[in-house]
Protein chains: 2
Amino acid sequence: MTPEEIVRLYFGFFNEVGIINQLSRAVFEGRLSPGVTVSHFTVLNHLIRVRDGQTPMTLSLAFQVPKTTMSHTLAGLVSRGLVEMRPNPADGRSKRVWITEAGRAFREEAILSIAPDILQLSQVVEPDRVAAVMPALERIRQAMDAERLERDGLS
Amino acid sequence: MTPEEIVRLYFGFFNEVGIINQLSRAVFEGRLSPGVTVSHFTVLNHLIRVRDGQTPMTLSLAFQVPKTTMSHTLAGLVSRGLVEMRPNPADGRSKRVWITEAGRAFREEAILSIAPDILQLSQVVEPDRVAAVMPALERIRQAMDAERLERDGLS
DNA sequence: TCCATATCGTGCGATTTTGCACTACATAGT
DNA sequence: ACTATGTAGTGCAAAATCGCACGATATGGA
């Protein structure tokens, strides 16, 4: 495989990923209560999937967004009572983000609200097909994550 | 597979896709000349990959973004001389978007500028692995596209 | 032909995202 | 202990995104 073919292949891959992301985002956003963005939900989801009690800085690195963006997103979550910010006992500069009961409930509800869309899609794209690509996607994500950390000098 | 398992599977899939998209976007954005956004490039790429001479409305549907967003993006491309907007002889309400020579050159250059990043990634994630997931991704995208068109009443 | 309805693009304001700069705090070296 | 340097979070302003509404044009039916 020539370098040019490789570039073309990966480029097409990122293109497909971008379109799928755009489409899923649009559907999801349509199901969320007005005022709540996909960013809000994504953070809530991360706090549960990984763990809460992380600092805003850690979250901004995890999502690869500037600190100010995460600050703004968290402010929105706090004002809606979906997360709590408490001082970090171990470091006076930073805070720690904790998900509230309302936050957990909101996430559960949000997931349920898109369930119908997902189930409908599953009748066109077989679950087996999706399950088959997951390992590769996870591997690609991990590799890109590693490169990013290396590039950011956090290795 | 229970409905709940299906939802969880597809949900995880969209999550992975979102993260990969975020990471690739961040890298790409860092390589583009300041002032030019990924959105700008994506439109240029679409005009070449599909065809130019489309209307702004068609583009906004293709990218699943509001008309106003596409209008803004196109205005930026026009002001940089990367695309041209000409009236649509077949419909006085709409315009048609044509990519300029400068636009083609810009796209080529942009692709070349991220080639090093892609080649580096290809040494960690084997091209075979990426090539293997492409058919499934294309199929999923097509299915979601079809659902979207149906939902938007454009079937 | 004339009119009611629908579509295309855009101006406007609100929200989100982002870079820059600043304050508060932490850490390492002296 | 003190100072220099680095890091965490936020205020601010610029840019991107988006919903709403309007003017211009198109389409279908009376």
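Protein chains get the first letters and strands the later ones, always in sequence-line order, with residue 1 at the start of each. All values below come from the heavy atoms of this structure, side chains included, with hydrogens, waters and symmetry mates left out.
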Does A:His72 or B:Ser71 map to a spot on DNA chain C nearer the 5' end, using the closest nucleotide for each? B:Ser71
If only side-chain N and O atoms of A:Thr68 are considered, is one of them under 4.0 Å from the OP1 or OP2 phosphate oxygen of C:dT17? no
Picking from D:dA21, C:dT18, D:dG9, which would you name as closest to the side chain of A:Ser94? D:dG9
Between the base of D:dG9 and the side chain of A:Lys95, is one N or O donor paired with an acceptor at under 3.5 angstrom? no
Assess whether salt bridge (charged side-chain N to carboxylate O under 4.0 Å, His left out) is satisfied between A:Glu138 and A:Arg141, documenting all intermediate values. CA-CA 5 Å; A:Glu138 284 167 8; A:Arg141 193 250 303 164; 5.8 Å; no
Over how many whole Å does the gap from A:Phe63 atom CZ to C:dT18 atom C1' extend? 17 Å
Nearest-angstrom distance from the residue atom CD of B:Gln64 to P of D:dG19: 11 Å
What integer distance in Å separates B:Leu77:CG from D:dA16:P? 11 Å
Verify whether the ring centers belonging to B:Phe41 and A:Phe11 lie closer than 6.0 Å. yes
Identify, between A:Pro66 and B:Leu74, the residue whose nearest nucleotide on DNA chain C lies closer to the 5' end. B:Leu74
Against the side chain of A:Met85, the closest entry in C:dG11, D:dT10, C:dC25 is D:dT10
Nucleotide of C:dT16, C:dA6, D:dA8 approaching A:Met57 most closely (side-chain heavy atoms): D:dA8
Within this structure, what is the CD-to-P distance between B:Gln54 and C:dG9, rounded to whole angstrom? 11 Å
So CD of B:Glu108 and CG of B:Leu44: to nearest 0.5 Å the spacing works out to 11.5 Å
When you check the phosphate oxygens OP1 and OP2 of C:dT18, does a side-chain N or O of A:Thr69 lie under 4.0 Å from one of them? yes
Using whole Å, what does the distance between atom P of nucleotide D:dA16 and atom CZ of B:Phe41 come to? 17 Å
I'd like to check A:Ser24 versus B:Met144 (side-chain heavy atoms, cut-off strictly below 4.5 Å). Are they in contact? yes
Whichever of A:Thr55 and A:Glu29 has the more 5' nearest nucleotide on DNA chain D, that residue is A:Thr55
Nearest-angstrom distance from the residue atom CZ of B:Arg96 to P of D:dT25: 18 Å
In whole angstroms, how far is the P atom of D:dA15 from the CZ atom of B:Arg80? 10 Å
Which nucleotide in the set C:dA26, D:dA21, D:dT25 lies at the smallest distance from any side-chain heavy atom of B:Lys67? D:dA21
A:Asn21 side chain near B:Gln22 side chain, heavy-atom distance below 4.5 Å: no
When you get a sec, tell me which of D:dA16, C:dT17, C:dA26 is the closest nucleotide to the side chain of B:Thr37? D:dA16
Take atom CE of B:Met70 and atom P of C:dT7, then tell me their distance rounded to the nearest Å. 19 Å
B:Asp91 side chain, from C-beta outward: closest of D:dG19, D:dA26, C:dC25: D:dA26
